[in-house]
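Ligands are counted one by one from 1 in listed order, and the atoms in each one are counted from 1 as well. In what follows, residues are counted from 1 in the order of the sequence shown.
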Amino acid sequence: MSQDAENEPAAAKKKFTETRIVTVVGASGALGSAIVRALLERGAGVRAVVRATSNRTKLESLGVTDYVVADLNDRTSLQRALTAEPRAEAVIASAAGFTAHSARTKGDNSRTDTKGYQNLVDAAKNAGVPRVILISILECDKATGVPHFHQKLLTEEYLAKKRQPYLALRAGAFLDRTRDIVAPKVRKGVFPEWVPGVALSMIYTPDLAGYAAQAALDVPASALNQSVDVCWNVPVTGPQLAAAFTRALGRPVVAKPAIPPLLFAVLPLLARFVPSLRDSNAVLAWIRKGGYVSRDTRKQKDLFGEPPTIDDAVARYCRDKGLVKPTAA
Ligand SMILES: NC(=O)c1ccc[n+]([C@@H]2O[C@H](COP(=O)([O-])OP(=O)(O)OC[C@H]3O[C@@H](n4cnc5c(N)ncnc54)[C@H](OP(=O)(O)O)[C@@H]3O)[C@@H](O)[C@H]2O)c1
């Protein structure tokens with residue numbers, strides 16, 4: 001040990017060796033659990049904010065032991081979660097009302113994504129949370145016609161208005177969704193594309209999880225209080241993705257519509273009568289217009305390094321999903 005280190009005050013040594021704690025809201029979700037994994041791999045301590053009804057199996061298998069039960073629609077529970085000791089140095093917000101996951105657990109969709117998120121920002125501000133990392137959505141500032149995209153913008157604006165330090169990661173479309181429909185189809189030689197022939201910016205969730213962990217632990221305070229697009233280096237169409245899977249697997253994969261063309265054609269009409277289809281219909285219309293595309297990946301490059309390429313992300317996805325056998329080291 002150096003003379004300097006020996007002379008270091010005890011309090012400073014303690015601070016240096018203490019585990020850095022990050023609170024993850026929505027930890028039981030598909031992305032949330034990937035974020036937990038990324039934080040644990042970085043050596044951080046994770047405080048998982050879950051609902052009383054949340055399934056903790058995945059988190060327990062990752063070794064999480066610090067849980068706080070809270071709901072975005074319950075301000076008192078949030079205050080308790082964000083003032084738990086030892087204090088966390090960041091909160092990553094990955095919860096969502098608008099997802100199949102929450103629908104299955106009776107989430108109150110738009111209330112959670114509007115009022116619920118305001119409650120979270122208020123609780124963070126009251127607790128003096130040093131930074132909130134918000135999982136947001138690409139181009140949410142322009143997608144006024146897509147409710148759950150626009151609700152992300154409202155949260156970004158509320159964070160700024162309340163002067164709560166934050167970084168919003170505006171993610172592209174997930175390659176692996178909450179219910180992953182890609183891997184089973186790719187096994188049969190098909191890549192399911194949502195809007196045939198239209199390019200969109202995408203991301204593989206372990207990469208987004210890694211960015212969230214970096215945003216919580218590494219990004220300097222001077223880079224906070226902005227929104228950053230996070231996605232692959234270029235937008236991609238279904239046939240281009242199918243070609244990337246073909247290269248990764250060494251066998252043919254072709255793009256086919258995820259939604260039967262007839263259903264796709266009548267969806268706008270159906271959505272007029274079935275409220276639960278309106279948001280999805282608006283998302284598809286937004287993609288069809290070419291709206292779900294990052295216009296600028298420079299900030300992503302500055303903060304997190306070169307954005308992943310399609311081939312790199314698809315190759316890792318294939319390995320992670322057991323679509324190819326891992327090569328011997
Ligand atoms: N899918 C995409 O292409 C895409 C693209 C860009 C951004 N995003 C964003 O990525 C984030 C994560 O998505 P995901 O796929 O991981 O979602 P997910 O698997 O459905 O997880 C949602 C999480 O939110 C929690 N939650 C829901 N309502 C809550 C409430 N009222 N209070 C507290 N927690 C609540 C759920 O808890 P339970 O386990 O109790 O249900 C679950 O942990 C979302 O913010 C989404 O908007 C997604």
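- Not close to ligand 1: G116, with no non-hydrogen atom less than 4.0 angstrom away.
- Looking at ligand 1, you'll find an N or O of D71 within less than 3.5 Å of one of its N or O atoms.
- Not a single heavy atom of R170 lies less than 4.0 angstrom from ligand 1.
- Taking a 4.0 Å cut-off on heavy atoms, S33 fails to register as neighbouring ligand 1.
- Between H148 and ligand 1, not a single N/O pair is under 3.5 Å apart.
- Listed by number with element, the atoms of ligand 1 under 4.0 Å from a non-hydrogen atom of S136 are 6 (C), 7 (C).
- Residue A173 has at least one heavy-atom neighbour below 4.0 Å for each of these atoms of ligand 1: 3 (O).
- Not one N or O of I137 is nearer than 3.5 Å to an N or O of ligand 1, by distance alone.
- Polar contact check, G172 against ligand 1: no nitrogen or oxygen pair lies under 3.5 Å apart.
- The side-chain tip of R131 does not point at the ring of Y166 from less than 6.0 angstrom away and within 45° of straight on.
- Side-chain atoms of D113 never come within 3.5 Å of backbone atoms of A96 as a donor-acceptor pair (strictly under, hydrogens ignored).
- T114 and Q151 share no donor-acceptor pair across their side chains, judged by distance under 3.5 Å alone.
- Using a 4.0 Å cut-off between heavy atoms, A93 makes no contact with ligand 1 at all.
- Ring-plane geometry between F191 and F245 is classed as parallel, the angle between the planes falling under 30 degrees on a 0 to 90 degree scale with a further cut at 60.
- At least one N or O atom of K152, backbone or side chain, sits closer than 3.5 Å to an N or O atom of ligand 1.
- Heavy-atom minimum distance, L82 versus V129: CD1-CG2, 4.3 Å.
- If you check the side chains of N73 and T112, you find a donor sitting under 3.5 Å from an acceptor.
- Here D312 pairs with R316 in a salt bridge; the nearest charged N to carboxylate O distance falls below 4.0 Å.
- Within a 6.0 Å sphere centred on NZ of K289, other residues, nucleotides and ligands contribute 12 heavy atoms or fewer.
- Annotation: V25 places no N or O atom under 3.5 Å from an N or O atom of ligand 1; distance criterion only.
- Salt bridge R75/D122: present, at least one basic N to carboxylate O contact under 4.0 Å.
- Residue-level proximity to ligand 1 for L72 is carried by backbone and side chain together, each with a heavy atom below 4.0 angstrom.
- Within a 6.0 Å sphere centred on CZ of R295, other residues, nucleotides and ligands contribute more than 12 heavy atoms.
- Around atom 21 (O) of ligand 1, the closest heavy atom drawn from A209, G29, S28, G97 belongs to G29.
- If you check each of Y292, Y117, F174 against atom 10 (O) of ligand 1, the one with the closest non-hydrogen atom is F174.
- The atoms of ligand 1 that sit less than 4.0 Å from any heavy atom of N73 are 31 (N).
- For ligand 1 and A171, the ligand atoms under 4.0 Å from any heavy atom of the residue are 6 (C).
- Side-chain atoms of Q164 and Y158 form no donor-acceptor pair, as typed in the model, at a separation below 3.5 Å.
- For a threshold of 3.5 Å applied to N or O pairs, the pair formed by R51 and ligand 1 contains at least one separation below that value.
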